[in-house]
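Working notes, beginning with the structure itself.
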Amino acid sequence: MIRTWRWFGKKDKITLAMLRQIGVQGIVTALHDIPNGEVWSREQIRDLRTYIESYGMTWSVVESLPVSEAIKYAGADRDRLISNYIESLRNLALEGVKNVCYNFMPVLDWARTDLLHPNPNGSSNLYFSHAQFAYFDIHILKRPGAEASWPANVLAEVEALKAKMTPEDEHNLVDTIIVKTQGFVSGNIKEGDEHPVELFRHLLSLYDGITADKLRENMRYFLNAIMPVCDEMDIRVCVHPDDPPFQILGLPRIVTCEADIEWFLNAVDNPHNCLTFCAGSLSAGSHNDVVALARKFAHRTSFVHLRSCHIFPNGDFTEASHLGGRANLIELVRIFEKQDPTLPMRVDHGMTMLGDESRGYNAGYSFLGRMFALGQVQGIIATVDNELGIEYKQPGFFE
């Protein structure tokens, strides 16, 4: 697979010169300065593409061209926003960027409760605690009916937390769930926004009455609208699975499992309607057999995220080693290399290690931790390529 890296533009503390040295071939990025719903111009796209190419790499995947909330909940201006989306897709294709990752998750792009959860080896990883998330839902967000969304064992843990949570703990939980995991990807809430909880409540209210079936139909509407330009320009759009792959905050989540993936692929049965196979998101759900999903959907996958999660007995999960966890990345590489060795792949999240935490990187997007993971995954790919008789080349070396 093509080794790619998620990079957050020219302001990213991790530079393209650094990425070139560690074997990155392609860049996964977006025009992060453009507000959601506005058109990406050819000139803006070209500027970033040529900057990437000046470092000997290609702009392999857009992650992401955001789908505005009003498209997801079918707001009054969704057709205008879809028209803008189509224009951006056309402009990307005209500039030679033809693989676009997006998600259809309402409000939350991804959810964790701890961004620096300690590992036994002294590094840290992202972590999701059901009890802490439920505490946020019930006692901070105060969502009506929240208690009914959580099982008795989680509610018992919430009561134990309630006795010891401090105002600082609550602030940190809000900062983690609403701000630090969202601001740099979704644009709904940004660092420095006043009253983020109130803003978040407003965003949730936009989905009042939106069931899973309604959200599916809104996704079908969106895909039907954009497929003509995808066909014309040969551009693939690949949806990212919900992270985590289960219902939260009373919001419908519709890309969580085999049946969900099958539904959206069949709802608009077009080869340009594709899947981003995120092994990490899928492995965070105990209901998912990740290897079986890869075998079934590899032919409709146009982008791969290689990471893995470990699920604890109480259902909490953490990012695992890229050689461990539930995802079985070794077998996934075998499946996807057989399917198409030119598929773009990124290692996704990595450990925070050796001072990463003090360098101001975006949550989950460390440099040294992801470099370590990329080294592990490059070794897997080289070994699998040797098994399959595919020539493996490491950029930057005399062969």
Side-chain angles (χ1 to χ4, degrees), residues 103 105-119 124-186 188-189 196-205 207 212 240-257 278 280-288 307 309-320 325-326 349 352 363-364:
N103 76 71
M105 290 178 261
V107 184
L108 277 177
D109 187 278
W110 55 296
R112 298 293 187 274
T113 57
D114 189 347
L115 305 178
L116 295 169
H117 192 78
N119 291 322
S124 63
N125 258 334
L126 304 174
Y127 189 95
F128 183 92
S129 160
H130 286 267
Q132 293 220 347
F133 200 88
Y135 182 93
F136 165 80
D137 190 13
I138 296 166
H139 294 296
I140 299 175
L141 190 60
K142 300 184 187 333
R143 182 174 62 88
E147 291 91 340
S149 300
W150 298 97
N153 64 307
V154 172
L155 293 176
E157 289 186 67
V158 169
E159 282 304 302
L161 276 176
K162 187 178 177 183
K164 61 183 182 181
M165 288 287 281
T166 66
E168 183 181 4
D169 292 334
E170 291 195 352
H171 171 79
N172 289 338
L173 203 52
V174 168
D175 197 43
T176 295
I177 294 172
I178 296 180
V179 181
K180 282 195 165 60
T181 56
Q182 303 304 309
F184 67 96
V185 287
S186 72
N188 286 332
I189 294 176
V197 175
E198 286 76 5
L199 282 171
F200 194 71
R201 288 193 187 108
H202 170 69
L203 289 168
L204 290 179
S205 73
Y207 286 87
H240 189 289
D242 298 337
D243 185 7
F246 45 77
Q247 313 307 308
I248 52 175
L249 302 175
L251 294 166
R253 312 271 276 185
I254 58 170
V255 191
T256 66
C257 61
C278 181
S281 298
L282 293 167
S283 64
S286 59
H287 54 284
N288 286 325
R307 66 177 173 88
C309 285
H310 171 77
I311 302 177
F312 295 93
N314 68 350
D316 294 353
F317 68 86
T318 186
E319 312 275 345
R326 302 185 66 247
H349 305 153
T352 301

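Here the structure is a predicted model, which is why all the values come from computation and not from measurement. Keep in mind that the numbers below use all heavy atoms, side chains included, and drop hydrogens, waters and symmetry copies.
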* To do: Any chance you could measure Leu199, atom CG, to Leu204, atom CG, to the nearest 0.5 Å?
  => 11.0 Å
* Counting distance only, does the side-chain N/O of Asn125 pair as donor-acceptor with the main-chain N or O of Glu319 below 3.5 Å? -> yes
Less than 3.5 Å apart, which donor and acceptor atoms pair up between the side chains of residues 146-164 and the rest of the protein, not counting sequence neighbours?
from, atom 1, to, atom 2, distance (Å)
Ser149, OG, Arg143, NH2, 2.9
Trp150, NE1, Asp137, OD2, 3.0

* Gap separating the CD atom of Gln132 from the CD1 atom of Ile140, nearest 0.5 angstrom -> 9.0 Å
* Which heavy atom in Ser124 sits nearest to a heavy atom in Asn119, and how many Å separate them? -> C-ND2, 3.5 Å
* side chain to side chain contact (heavy atoms under 4.5 Å, CB included) between Leu108 and Leu249, intermediate numbers included -> CA-CA 10 Å; Leu108 277 177; Leu249 302 175; 3.6 Å; yes
* How about His310 and Phe312: are their ring centroids closer than 6.0 Å? -> yes
* Structure fact -> When rounded to the nearest 0.5 Å, the distance separating CG of Asn288 from OG1 of Thr256 is 7.0 Å
* His240 and Trp110: aromatic ring centres closer than 6.0 Å? -> no
* Asked: Would you say Asn103's side chain and Met105's backbone share a donor-acceptor pair under 3.5 angstrom?
  -> yes
* Asked: Is there a donor-acceptor pair under 3.5 Å between the side chain of Asp175 and the backbone N or O of Asn172?
  -> no
* Asked: How many angstroms lie between atom CD1 of Ile254 and atom CG of Asp242, to the nearest 0.5 angstrom?
  -> 7.0 Å
* Is there a donor-acceptor pair under 3.5 Å between the side chain of Arg253 and the backbone N or O of Asp243? -> yes
* Are any side-chain N or O atoms of Ser283 and backbone N or O atoms of Cys309, one a donor and one an acceptor, separated by less than 3.5 Å? -> yes
* Indicate the atoms forming the closest heavy-atom contact of Ala284 with Pro245, along with that distance. => CB-CD, 3.8 Å
* Asked: Taking the six-membered ring for Trp, are Phe246 and His130 ring centroids under 6.0 Å apart?
  -> yes
* Side-chain donor/acceptor of Thr318 to backbone N/O of Leu126, under 3.5 Å -> yes
* Structure fact -> In this structure, OG of Ser281 is separated from CZ of Arg307 (nearest 0.5 Å) by 4.5 Å
* Heavy-atom distance under 4.5 Å between the side chains of Ile311 and Asp316, does that happen here? -> no
* **Distance in Å, Leu173 CG paired with Phe136 CZ, rounded so as to fall on 0.5 Å steps** => 7.0 Å
* Let me see the working for Thr176 and Lys180 under side chain to side chain contact (heavy atoms under 4.5 Å, CB included), right down to the final yes or no. => CA-CA 5 Å; Thr176 295; Lys180 282 195 165 60; 5.6 Å; no
* Asked: Do the non-hydrogen side-chain atoms of Cys257 and His287 ever get within less than 4.5 Å of each other?
  -> yes
* Asked: Is a donor on one side and an acceptor on the other found under 3.5 Å between the side chain of Arg112 and the backbone of Ser129?
  -> no
* Between Phe133 and Phe128, is the gap from one ring center to the other below 6.0 Å? -> yes
* Without hydrogens or angle criteria, can the side chains of Glu170 and Tyr135 be said to hold a donor-acceptor pair below 3.5 Å? -> yes
